[in-house]
Asks: 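Structure below; questions to follow.
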Amino acid sequence: MYTAPRKIQTAFRLDEGLVSRLKLKARREKKSLNKLVEENLERLAPAEPEWPKVKFPIEIDPVFKKWELTKPITQEDLDADERLAYILSK
């Protein structure tokens, strides 16, 4: 029995001109923008037998487990990680 590959939704920030050109190319090829992008990404990173299989749901990397929000974020936390400080300043 055939089962379709699992699809996940994701988002990218792309240049507006690039997106316009991609949409035009997809329309000319009578494909959806999603299909056009997926086919080209598949060529960029083809499946290889030795690649590890990703299991869903994806487990959180132990390195990042310390950031589970079980305690309030302190100024010390912000001083130690400028990326976190930047994200929380938005």
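Sequential numbering from 1 along the given sequence is applied to the chain's residues.
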Asks: Output the distance between atom CG (Leu14) and atom OG (Ser20), rounded to the nearest 0.5 Å.
Replies: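 If we round to the nearest 0.5 Å, Leu14:CG and Ser20:OG are 11.0 Å apart.
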
Asks: I need the Leu36 CG to Leu41 CG distance, nearest 0.5 Å.
Replies: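 Going from CG on Leu36 over to CG on Leu41, the span is 9.5 Å.
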
Asks: For the CG atom of Asn34 and the CD atom of Gln9, what is their distance to the nearest 0.5 Å?
Replies: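 Interatomic distance, Asn34 CG to Gln9 CD, rounded to 0.5 Å: 9.5 Å.
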
Asks: Mind checking whether Leu33 and Leu44 sit in one hydrophobic cluster, side chains of I, L, V, M, F, W, Y counted as touching below 4.5 Å?
Replies: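 Looking at the clustering, Leu44 is in the same group as Leu33.
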
Asks: Please give me the minimum heavy-atom distance between Asp15 and Gly17, naming the atom from each residue.
Replies: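 Closest heavy-atom pair between Asp15 and Gly17: OD2-N, 3.0 Å.
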
Asks: Measure the CG-NZ distance between Leu18 and Lys23 for me, rounded to the nearest 0.5 Å.
Replies: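 One finds 11.0 Å between CG of Leu18 and NZ of Lys23.
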
Asks: Mind checking what makes side-chain hydrogen bond (donor to acceptor under 3.5 Å, both in side chains) contact with Glu29, not counting sequence neighbours?
Replies: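 So Glu29 forms a side-chain hydrogen bond (donor to acceptor under 3.5 Å, both in side chains) with Lys25, Lys31.
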
Asks: Lys7: which residues meet the salt bridge (Lys or Arg N to Asp or Glu O under 4.0 Å) condition with it, sequence neighbours left out?
Replies: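 Partners of Lys7 by the salt bridge (Lys or Arg N to Asp or Glu O under 4.0 Å) criterion, ordered by chain and then number, come out as Glu38.
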
